[in-house]
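Notes for the one structure printed next.
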Amino acid sequence: MTRRMATLCACFVLGLAPGLYAQDAKSNGAPSKITAGTPEDKAFMAIKRAMTPEEKIEAALDFEKRFPQSSVLSSVYTTMLGIYLQKNDTAKLVEVGEKAVKLDPKNLTALLALSRGYALSEAPDVEKAKSFAEKAAAVLAEWRTRPPQPGYSETEWRDYLKQNDESVGPWVEYVKAL
């Protein structure tokens with residue numbers, strides 16, 4: 001069982017990682033934008049330029065504090081989720097994931113991260129883990145009925161959906177088995 005869980009976690013991280021930064025558009029297809037050269041843009045770029053995970057988190061927390069109404073805050077949270085996922089910090093993963101989903105209920109990365117966080121925390125909440133996994137599967141099913149999101153060719157969109165299918169499907173099966 002431990003080996004199976006470790007394998008699933010590794011698959012989850014590897015499957016999720018490529019999509020962490022691909023979700024720069026809001027789930028409704030409307031791109032999130034900030035004006036180049038503004039303080040908001042400079043703070044956002046500071047996150048992208050940060051070299052270490054700790055520097056990225058510090059820059060992201062600064063961005064959150066300075067621009068709490070930003071249209072790209074969900075992307076900032078998604079970046080933080082990737083770092084907390086790599087660090088296996090489930091408490092922070094859940095905290096930031098909840099914020100991301102509150103801003104964007106169809107943030108696939110956040111839904112999967114929350115499911116993982118609730119399933120694998122020290123005090124697991126299996127029902128919440130299942131709920132977020134099912135929501136992620138529903139979002140992916142909805143996306144399959146849409147044309148490619150802005151910035152994706154038909155082929156890139158199909159590949160993106162396939163890649164996410166490979167992460168979501170096994171994870172949903174895992175949490176259902178808990």
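Predicted model only: the values in this text are computed from it and were never measured.
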**Message:** If you compare all heavy atoms of Leu112 against all heavy atoms of Ala136, which two are closest, and at what distance to 0.1 Å?
**Reply:** CD2-CB, 3.8 Å
**Asked** Can you name the closest pair of heavy atoms from Ser74 and Ala100 and give their distance?
**Response** OG-O, 4.1 Å
**Item:** Closest non-hydrogen atom pair, Ala129 against Ser115
**Value:** O-OG, 2.7 Å
**Request:** Evaluate the criterion side-chain contact (heavy atoms from CB on, under 4.5 Å) for residue pair Thr78 and Val96; output intermediate values, then yes/no.
**Result:** CA-CA 8 Å; Thr78 302; Val96 173; over 6 Å; no
**Item:** Glu64 vs Leu73 side-chain heavy atoms within contact, under 4.5 Å
**Value:** yes
**Asked** Is it true that a side-chain atom of Thr90 and a backbone atom of Gly117 form a donor plus acceptor pair closer than 3.5 Å?
**Response** no
**Message:** Quick one, Pro148 and Glu156 - any side-chain contact, counting heavy atoms below 4.5 Å?
**Reply:** no
**Item:** 4.5 Å side-chain heavy-atom contact, Tyr77 and Asp104
**Value:** no
**Message:** For the residue pair Asn164 / Arg144, report whether a side-chain donor-acceptor contact shorter than 3.5 Å exists.
**Reply:** no
**Asked** Glu55 versus Glu58: any side-chain heavy-atom pair under 4.5 Å?
**Response** no
**Asked** Does some side-chain heavy atom of Glu98 sit less than 4.5 Å from a side-chain heavy atom of Leu114?
**Response** yes
**Val76 to Ala60 - nearest heavy-atom pair and separation** = CG1-CB, 3.7 Å
**Prompt:** Relative to each other, are the rings of Phe132 and Tyr118 parallel, tilted or perpendicular (30° and 60° limits)?
**Reply:** parallel
**Prompt:** Closest approach of Leu81 and Gly97, non-hydrogen atoms and distance?
**Reply:** CD2-N, 3.6 Å
**Prompt:** Are any of the side-chain heavy atoms of Asp62 and Ile47 separated by less than 4.5 Å?
**Reply:** no
**Request:** Check the side chains of Gln149 and Tyr160 for a donor-acceptor pair under 3.5 angstrom, ignoring hydrogens and angles.
**Result:** no
**Request:** Answer yes or no: is there an ion pair linking Arg146 with Glu142, defined by an N-O contact shorter than 4.0 Å?
**Result:** yes
**Message:** Lys92 vs Met80, test: side-chain contact (heavy atoms from CB on, under 4.5 Å). Steps then yes/no.
**Reply:** CA-CA 9 Å; Lys92 287 291 188 182; Met80 293 170 75; over 6 Å; no
**Message:** Tell me whether Lys56 contacts the main-chain N or O of Lys48 through its side chain, where contact means a donor paired with an acceptor under 3.5 Å.
**Reply:** yes
**Request:** Run the numbers on Lys87 and Leu85 for side-chain contact (heavy atoms from CB on, under 4.5 Å), then give the verdict.
**Result:** CA-CA 5 Å; Lys87 290 182 167 217; Leu85 186 64; over 6 Å; no
**Check: Arg116 and Asn88 side chains under 4.5 Å, non-hydrogen atoms** = yes
**Asked** Do NZ/NE/NH1/NH2 and the carboxylate oxygens of Glu134 and Lys130 come within less than 4.0 Å?
**Response** no
**Request:** Any side-chain hydrogen bond (donor to acceptor under 3.5 Å, both in side chains) involving residues 38-47? Give me the pairs, sequence neighbours left out, ordered by first then second residue.
**Result:** Glu40-Ser70
**Message:** Run the side-chain contact (heavy atoms from CB on, under 4.5 Å) test on Ser121 and Val94 for me, step by step, so that the C-alpha distance in whole Å, both residues' side-chain angles and the decisive distance to 0.1 Å come before the verdict.
**Reply:** CA-CA 9 Å; Ser121 68; Val94 167; 5.8 Å; no
**Fill in**
Here the gap from Leu93 atom CG to Ile83 atom CD1, rounded to the nearest 0.5 Å, amounts to 11.5 Å
**Prompt:** What's the shortest heavy-atom distance between Ala119 and Val175, and which atoms?
**Reply:** CB-CG1, 4.3 Å
**Item:** Note, Val72 side chain near Phe67 side chain (heavy atom, < 4.5 Å)
**Value:** no
**Prompt:** OG1/Thr145 to CG/Leu140 distance, rounded to the nearest 0.5 angstrom?
**Reply:** 10.5 Å
